[in-house]
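Note that ligands are numbered from 1 as they come in the structure, with each ligand's atoms numbered from 1 the same way. Numbering starts at 1 and runs along the sequence shown.
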Amino acid sequence: MSKFKVFITRPIREEIRAKIAEECEVDMWHTSAILPPIAERIPPLDGLMTYGHEPVSPEMIATAPNLKAISVVGVGYDHVHVETCRERGIAVGHTPGVLSDTTADMTMALLLAAARNIVPAYNHVQVAKEWHYYDPNILWGTDVHHSTLGIVGMGRIGHAVAKRARAFDMRVLYYKRERRPDWEQELGVEYATLENLLETSDFVTLHVPLTEDTTHLIGKAELALMKKTAILVNIARGPVVDHYALYDALKQGQIAGAAVDVTEPEPINTDHPLLDLDNVIVAPHLGSATIQTRMKMMTMAMENLLAGLKGEQLPYGVLQPNFPQ
Ligand code: DGY
């Protein structure tokens, strides 16, 4: 029997590639350069593993009549046109759960870095080499402990962030479509409307999936509700925030700072005005980027891919094979 044909959009670890190659003919995009249109790779393919966020559009899927499975190395699958997959009976898998703690750690890292001027400190000492004496009057930050954190989108990652924030003695507000009294009980978090959360929080952190409803959820009007001393953290998806509104808010002192792990577009254009501000930290989508977590994600994605190709139940499925049409 001939092997399944699979395309992987970014280099994955050799041991994972080798395991997939036992059952599949693997074509992997090897360099860090921008991908060619995935459609060029798709026509004879049975399986696609997306490691990164290159869009998988209806047009691309239409060029791949044999496509049986799309395996996303990540929890978010907003770059995959799931409706088309559903119509075609293509299985779609992702890697939920395994990255929640890691992404929550990164959320706290961004929040703390912004609150305590870690990047300006690094620039001062190691880049500008300007630390000539102990100056107690420079780089004052703002307290994280006993401040108020607003979590927008309280799923698995939001829950993990809340746990960490409570350990910092923060008051935690959350906004979510369905209220979670069990989590209020467990963690001592308080439900709030989005408006109330934005008005009350010292830090606002975003953890919603990207959908039509959450696109530009945080724009000019929402930023205007925030405290002038507040810091915004976005580790969800870039388009959840209107970046030009964010630029204006940071530039005009409408909010004090921001730390974002995701941008719109991604990567952000190098001439984007946001990059010239000194009250914003921009990280290159590192939420789940630890050795341990990325290895687990690749393993789960491999299991999903192989199951989907064989028409078996995906262990971590968004859509199972031959989903009813
Ligand atoms: C995710 O898991 O969705 C992260 O953004 C990495 O892709």
Student: Starting from atom 7 (O) of ligand 1, which protein heavy atom do you reach first, and at what distance in Å?
Tutor: His53 NE2, 2.9 Å
Student: Among all the protein's non-hydrogen atoms, which is closest to atom 4 (C) of ligand 1, and how far away is it?
Tutor: His285 NE2, 3.6 Å
Student: Taking all non-hydrogen atoms of both residues, which atom of Ala162 and which atom of Val189 are closest, and how far apart?
Tutor: CB-CG1, 3.9 Å
Student: Assess Arg237 for proximity to ligand 1: is some non-hydrogen atom of it under 4.0 Å away?
Tutor: yes
Student: Going by the atom numbers of ligand 1, which of them fall below 4.0 Å from some non-hydrogen atom of Leu99?
Tutor: 2 (O)
Student: Locate the shortest heavy-atom distance separating Thr142 from Arg116; write the atom from each residue and the value.
Tutor: O-CD, 3.6 Å
Student: With heavy atoms of Gly76 as the reference, note each atom of ligand 1 found under 4.0 Å away.
Tutor: 1 (C), 2 (O), 3 (O)
Student: Take Glu266 and His285, measure what side chain to side chain donor-acceptor pair (under 3.5 Å) needs, and give me the verdict at the end.
Tutor: CA-CA 9 Å; Glu266 199 164 294; His285 205 135; 2.4 Å; yes
Student: Salt bridge or not for Glu22 and Lys19, using N-O below 4.0 Å?
Tutor: no
Student: Among all protein heavy atoms, pick the one closest to atom 1 (C) of ligand 1 and tell me residue, atom and distance.
Tutor: Val75 N, 3.4 Å
Student: Could you check, using the six-membered ring where one of them is a Trp, whether Tyr244 and His272 have ring centers closer than 6.0 angstrom?
Tutor: yes
Student: Backbone or side chain, does any N or O of Gly74 fall under 3.5 Å from an N or O of ligand 1?
Tutor: no
Student: Quick one: list whatever passes side-chain hydrogen bond (donor to acceptor under 3.5 Å, both in side chains) with Arg179, sequence neighbours left out.
Tutor: Glu184
